[in-house]
Peer 1: 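Structure incoming, see below.
Residues: numbered from 1 along the sequence shown.
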Amino acid sequence: MKKLVLFLTIMFMTMSYGQEKQIPLININGEGKVKVAPDQVCISATVETKGNNAKDVKKQNDEKMDAVLKFIKKMNVPTADFKTKQVALNPQYDYEKKKTSYNATQTVEIVLKDLTKYDELMEGLVQQGINRIDKVSFESSKLLQLQSDARKLAMKDAKAKAEDYVSVLGQKVGKAFVISDNSQIYHPQPMYAAMRMKESSDTMGASNETLAIGEIEITANVSVSFVLE
């Protein structure tokens, strides 16, 4: 009986202590967005050749890729900004004809930091043997700084919302008690403007505008618990 009384007494004291130490909080979500025009583009391009002789298929593929790499260098793209990403030679068996053919691929990834050369580069890649464009991604070289800016805006947004809520209660927003970053992994995705015809006064001299890079939007989301004062 004494043990039961002692247990209940300790339990009551623990509950009372917990209630006395309870901190009044307000939980708020904040969002920050930064928009910026991309200043570089990442291109993943592939040379693909097919045939019945593995050696010939590989040779043709190597020759085309050699021409592609020489063209990239001719465009004055720094060596550090392009690299071979994948090389493959795969047999493909045709069960109906009972023959084996071969498919060779080589993929090069290029980071182009001068967007004025985009059209010339893409046209030249195709002329030199590229027959598959796997990815074109417009990006910003200042991504880390832009992500930091978006996070700061998200925190400011959370605090502003908290102040709005408590302003009618005669209370104040105190220090942040808990901060959670809910931002998703960033994948650069430019918001493309519609391609349009750039017309001069002489319609016969009109030229196509093929690149409309738009803007990249970087978003940060946070959850913040503020102490109420």
Peer 1: With rounding to the nearest 0.5 angstrom, report the OG to CD1 distance, Ser137 to Ile216.
Peer 2: 7.0 Å
Peer 1: Testing Leu121, Ile130, Val77 for side chain to side chain contact (heavy atoms under 4.5 Å, CB included) with Phe71, which one passes?
Peer 2: Leu121
Peer 1: Between atom CD1 of Ile133 and atom OG1 of Thr107, what is the distance when rounded to the nearest 0.5 Å?
Peer 2: 10.0 Å
Peer 1: Could you grab the distance from atom NZ of Lys142 to atom CG of Asp39, nearest 0.5 Å is fine?
Peer 2: 7.0 Å
Peer 1: Partners of Thr84 by side chain to side chain contact (heavy atoms under 4.5 Å, CB included), sequence neighbours excluded?
Peer 2: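 Checked Thr84 against side chain to side chain contact (heavy atoms under 4.5 Å, CB included); matches are Val87.
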Peer 1: Could you go step by step and tell me if Val111 and Glu139 meet the side chain to side chain contact (heavy atoms under 4.5 Å, CB included) rule?
Peer 2: CA-CA 10 Å; Val111 177; Glu139 305 171 356; 5.7 Å; no
Peer 1: Find out whether Gln60 and Val47 are in side-chain contact, i.e. whether some heavy atom of one side chain is under 4.5 Å from a heavy atom of the other.
Peer 2: no
Peer 1: Could you state the interatomic distance from CD (Glu120) to CD (Glu123), rounded to the nearest 0.5 Å?
Peer 2: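 Here the rounded value is 8.0 Å.
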Peer 1: Starting from Met155, can I reach Leu146 by hopping between I/L/V/M/F/W/Y residues whose side chains sit under 4.5 Å apart?
Peer 2: no
Peer 1: Same cluster or not: are Val178 and Leu228 linked, directly or through other Ile, Leu, Val, Met, Phe, Trp or Tyr residues, by side-chain heavy atoms under 4.5 angstrom apart?
Peer 2: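 In one cluster: no.
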Peer 1: Same cluster for Ile26 and Phe177 if Ile/Leu/Val/Met/Phe/Trp/Tyr side chains link at under 4.5 Å?
Peer 2: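 Ile26 does not cluster with Phe177.
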Peer 1: Side-chain contact test, heavy atoms from C-beta onward, threshold under 4.5 Å: evaluate it for Ser223 versus Asn27 and give yes or no.
Peer 2: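 A side-chain contact is absent here, since even the closest heavy-atom pair is not under 4.5 Å.
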Peer 1: May I have the list of side-chain donor-acceptor pairs in residues 156-174 shorter than 3.5 Å, sequence neighbours left out?
Peer 2:
{"unit_1": "Asp157", "atom_1": "OD2", "unit_2": "Glu31", "atom_2": "N", "d": "2.8"}
{"unit_1": "Asp157", "atom_1": "OD2", "unit_2": "Lys161", "atom_2": "NZ", "d": "3.4"}
{"unit_1": "Lys161", "atom_1": "NZ", "unit_2": "Asn29", "atom_2": "O", "d": "3.2"}
{"unit_1": "Ser167", "atom_1": "OG", "unit_2": "Asp164", "atom_2": "O", "d": "2.8"}

Peer 1: Only counting residues at least two apart or in another chain, list the ones meeting salt bridge (charged side-chain N to carboxylate O under 4.0 Å, His left out) with Lys64.
Peer 2: none
Peer 1: Among residues at least two apart in sequence or on other chains, which ones pass side chain to side chain contact (heavy atoms under 4.5 Å, CB included) with Leu144?
Peer 2: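 So Leu144 forms a side chain to side chain contact (heavy atoms under 4.5 Å, CB included) with Gln147.
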Peer 1: Set out, in order, the CA-CA distance, both residues' side-chain angles and the distance that settles side chain to side chain contact (heavy atoms under 4.5 Å, CB included) for Leu25 and Val227, then state yes or no.
Peer 2: CA-CA 5 Å; Leu25 300 173; Val227 178; 3.9 Å; yes
Peer 1: Can you tell me how far apart OH (Tyr118) and CG (Leu112) are? Round to the nearest 0.5 Å.
Peer 2: 9.5 Å
Peer 1: Any pair with a residue in residues 86-109 that passes salt bridge (Lys or Arg N to Asp or Glu O under 4.0 Å), sequence neighbours left out, goes on the list, sorted by first then second residue, please.
Peer 2: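 Listed by first then second residue: nothing to list.
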Peer 1: Got a sec, which residues hit side chain to side chain contact (heavy atoms under 4.5 Å, CB included) with Ala154, two or more places apart in sequence or on another chain?
Peer 2: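 Per chain and number, Ala154 pairs via side chain to side chain contact (heavy atoms under 4.5 Å, CB included) with Ala220, Val222.
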Peer 1: Just jot down the side chain to side chain contact (heavy atoms under 4.5 Å, CB included) partners of Val126, sequence neighbours excluded, or say none.
Peer 2: none
Peer 1: Please say yes or no: joined through hydrophobic side-chain contacts below 4.5 Å, possibly via intermediate residues, are Leu143 and Val34 part of one cluster?
Peer 2: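 Hydrophobic grouping puts Leu143 with Val34.
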Peer 1: Which pairs, with at least one residue in residues 65-92 and sequence neighbours excluded, count as a salt bridge (Lys or Arg N to Asp or Glu O under 4.0 Å)?
Peer 2: Asp66-Lys70, Asp81-Lys113
Peer 1: What residues form a salt bridge (charged side-chain N to carboxylate O under 4.0 Å, His left out) with Asp114, not counting sequence neighbours?
Peer 2: none
Peer 1: Might you work through the side chain to side chain contact (heavy atoms under 4.5 Å, CB included) test for Met122 and Val136, ending with a clear yes or no?
Peer 2: CA-CA 10 Å; Met122 294 295 279; Val136 176; 4.1 Å; yes
Peer 1: Name the one of Leu69, Val68, Asn61 that satisfies side chain to side chain contact (heavy atoms under 4.5 Å, CB included) with Gln106?
Peer 2: Asn61
Peer 1: Carefully, step by step, assess Asp134 and Arg132 under the rule side chain to side chain contact (heavy atoms under 4.5 Å, CB included).
Peer 2: CA-CA 6 Å; Asp134 300 315; Arg132 202 176 81 203; 2.7 Å; yes
Peer 1: With sequence neighbours excluded, tell me which residues meet side chain to side chain donor-acceptor pair (under 3.5 Å) with Asn103.
Peer 2: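 For Asn103, the residues satisfying side chain to side chain donor-acceptor pair (under 3.5 Å) (neighbours in sequence not counted) are Glu48.
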Peer 1: Between Ser183 and Asn221 (side chain of the first, backbone of the second, donor and acceptor by atom type, cut-off under 3.5 Å), is there such a pair?
Peer 2: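 Here the side-chain-to-backbone pair exists.
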Peer 1: If you link I, L, V, M, F, W and Y whenever their side-chain heavy atoms are under 4.5 Å apart, who else ends up in the same group as Val57?
Peer 2: Leu89, Tyr102
Peer 1: For Asp56, give me all partners under salt bridge (charged side-chain N to carboxylate O under 4.0 Å, His left out), at least two apart in sequence or on another chain.
Peer 2: none
Peer 1: To the nearest 0.5 Å, what is the distance between OG1 on Thr49 and CG on Asn131?
Peer 2: 8.0 Å
